[in-house]
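Have a look at the structure below before the remarks.
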Amino acid sequence: MEEFGFKISKSTRIDLDSACQSLYNQIASKVPDIRTCINCGSCSASCTAATFRRTSFRGAILHINRGFDKKAVEFLKSCMLCGKCFLVCPRGIDTRNIILEIIRSEEG
Amino acid sequence: MNKNVLVLGAGVAGLQAALSLKELGYRVTILEKSSSAGGHLKDWDKLYPGNISSSGLIDNLISALDGTDILYNTTVTRSEKSDNGFITEISSGEKIDSGAIVIASGFSLFDARIKEEYGYGIYRRVITNADLEALFRSKEIHKMEMPAKVGFVHCVGSRDEKVCNRHCSKICCMTAVKQACEIKEIWPHADVYCFYMDLRMFGRGYEDLYYEAQSKFGVNFIRGRVSEAGEDKDGKVVVKAEDTLTSRPLKITLDLLVLMSGMVRNTDNKTISDVFGIPTGEDGFFFQPSPLINPTSSDSSGIYFAGSATGPKTVAESINEARAAALAVHKFLSKD
Ligand code: SF4
Ligand code: SF4
Ligand code: SF4
């Protein structure tokens, strides 16, 4: 049956009091570089996959930091591990190993 | 030639200008409106870069100035040009004859109570950068219970047309990051958040400090201006901002909120401007006719500037400018 009437929308607000940063911290313990991102966007701008599919290394690690792990995985679904983001990152962040950690987290 | 020079202000710029003038053979009188020398630096703990003791820097200047008159609790009331320079009347009624004048009146720290939405003076757990520095300096901070979450709000009273300050105060990004690292040094398990609009880490080594704050101390940087702070039933501070990088509103409950009060025009600039007939800009800092080439010159001959009387400056810049002002005075007075 068609639903009608009012319903309560889920808040899209980031609540840092309850956000779970365990994946972020877990990755940071293995690849500490993740903490040094300055959100410049070079990685996503040069991403080979981003022209066709929504792909963003920057978006992925930012969302993990804010506790949206699922969203982060979405940002990397089309990643081909070409390594261009690693080449351009001005902070020299080891993007490859971070991407692998994120993908593994989803599998595990 | 008149070998007397009058310096207004006994902050770092005024003291350094006086010292450089003294070394060049001038007799200097310093006027200070408060009851002690050192300006804002006497309340600060450590300076970046180099972790220099702020009060130590002032003490060194004062001891090097031994024999120089510093008139405390004194302001200027009138000044006239004379054949030999200036005759300036001070609040005690005394008249001071000088060949040149150096204005080193510095800045005022923005009164954070004006930004009522941040709750300074209303909520117990909201303090300013100056308050935090005083806690570091008195070591009182070590007696405090560890705050689980600490937030820093950048640009309080700066870059804000609502409080009539369009300018960037220049040093508070660096100060916030420095203080965030210091908090993490004291309490490595506290979570620290900096709420910024742009991070202006412009000086040599500042970007390294930013990098260290991220990599070594794990300070969190959130791009978004805090829109309001409130108090919850436990007395903690609830802060709202937009996380502009994810385009979502954000909320966090903090145990301590530090407001980075900016540098604004000295409240006495208006009086000084009237007494000496030198204009201020729209922002209330003194007008520099030639800010790029002769930053220490005013548009009145014989009157020079040093330090943040002409806009926000770092300590190093103030010291250099004070030396430059002393040389400009020397050049001016050697003409006769
Ligand atoms: S490695 Fe992945 S995220 Fe990085 S540029 Fe290549 S496709 Fe994009
Ligand atoms: S290029 Fe590097 S610093 Fe820039 S957003 Fe990507 S990961 Fe962050
Ligand atoms: S230095 Fe940073 S905190 Fe201070 S006013 Fe400028 S941008 Fe804001």
Side-chain angles (χ1 to χ4, degrees), chain A residues 9-45 54-76 89-95 97-98 102, chain B residues 148-151 173 177 180-181 184 188-201 206-224 226-230 232 234 236-255 257:
Chain A
S9 316
K10 218 173 142 268
S11 168
T12 55
R13 179 167 76 174
I14 299 175
D15 186 346
L16 282 184
D17 298 335
S18 55
C20 169
Q21 290 185 316
S22 62
L23 177 60
Y24 186 83
N25 291 331
Q26 184 196 316
I27 298 176
S29 68
K30 291 185 194 152
V31 196
D33 295 4
I34 195 173
R35 295 196 188 280
T36 63
C37 173
I38 48 175
N39 281 290
C40 69
S42 297
C43 50
S44 344
R54 187 157 191 221
T55 310
S56 169
F57 177 75
R58 179 191 75 81
I61 60 174
L62 179 68
H63 279 80
I64 295 182
N65 179 272
R66 307 297 196 248
F68 301 110
D69 299 353
K70 282 222 177 75
K71 191 118 198 155
V73 178
E74 272 171 42
F75 273 118
L76 291 172
C89 175
R91 287 283 213 205
I93 295 173
D94 177 359
T95 58
N97 275 315
I98 295 171
I102 295 171
Chain B
K149 288 190 165 119
V150 183
C173 272
V177 178
C181 294
K184 286 292 277 185
H189 296 295
D191 289 327
V192 178
Y193 300 83
C194 286
F195 292 89
Y196 68 98
M197 297 199 284
D198 301 287
L199 211 52
R200 299 188 167 172
M201 303 296 281
Y206 295 12
E207 188 69 15
D208 302 290
L209 184 71
Y210 175 28
Y211 185 81
E212 193 177 77
Q214 291 180 308
S215 57
K216 181 172 165 199
F217 295 111
V219 173
N220 297 287
F221 288 88
I222 295 177
R223 199 186 75 187
V226 170
S227 64
E228 56 179 305
D232 72 4
D234 305 318
K236 294 192 177 187
V237 189
V238 183
V239 153
K240 285 183 192 166
E242 191 200 356
D243 176 19
T244 59
L245 294 171
T246 57
S247 306
R248 287 170 190 244
L250 177 148
K251 175 205 123 193
I252 186 169
T253 309
L254 301 166
D255 302 272
L257 184 66

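This one's a predicted model, so the numbers in the text were calculated from it and none came from an experiment. By convention in this document, chain letters (A, B, ...) are assigned in the order of the sequence lines, proteins followed by strands, and residues within each chain are numbered from 1.
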query = Contact part of A:I38 toward chain B, heavy-atom cut-off under 4.5 Å: side chain, backbone, both or neither?
reply =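 For A:I38, heavy atoms of backbone and side chain both lie under 4.5 Å from chain B.
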
Which atoms of [X] come close to chain A, meaning under 4.5 Å heavy atom to heavy atom: side chain ones, backbone ones, both, or neither?
X      : value
B:D191 : neither
B:I222 : both
B:Y193 : side chain

key: Residues of residues 60-70 of chain A with any heavy atom under 4.5 Å of a heavy atom in chain B   =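 The stretch touches chain B at A:L62, A:H63, A:N65, A:R66, A:F68.
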
Contact summary for B:Q214 and A:T36, nearest pair of heavy atoms =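 Taking B:Q214 first and A:T36 second, the nearest heavy atoms are OE1-O, 3.2 Å.
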
message = To check you understand the geometry: which heavy-atom pair defines the closest contact between B:K149 and A:D17, and what is its length?
response =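 Closest approach of B:K149 to A:D17, heavy atoms only: NZ-CA, 4.2 Å.
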
Which residues share a side chain to side chain donor-acceptor pair (under 3.5 Å) with B:S215, sequence neighbours left out =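 Here no residue qualifies.
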
query = Nearest 0.5 Å, what's the CG-CG distance between A:L16 and B:N220?
reply =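 One finds 8.0 Å between CG of A:L16 and CG of B:N220.
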
task = Could you tell me whether the side chain of B:F221 reaches within less than 4.5 Å of the side chain of A:N39, counting heavy atoms only?
result =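 No, too far: nothing below the 4.5 Å cut-off.
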
query = Hey, is NZ on B:K251 packed in by over 12 heavy atoms from elsewhere, all under 6.0 Å?
reply =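 Yes.
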
query = Quick check: are there more than 12 heavy atoms from other residues, nucleotides or ligands sitting under 6.0 Å from CZ of A:R13?
reply =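 More than 12 heavy atoms, drawn from other residues, nucleotides or ligands, come within 6.0 Å of this atom.
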
inquiry  = Could you check whether any side-chain N or O of B:R248 sits under 3.5 Å from a backbone N or O of A:I14, counting only pairs where one atom can act as donor and the other as acceptor?
reply    =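 Here the side-chain-to-backbone pair does not exist.
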
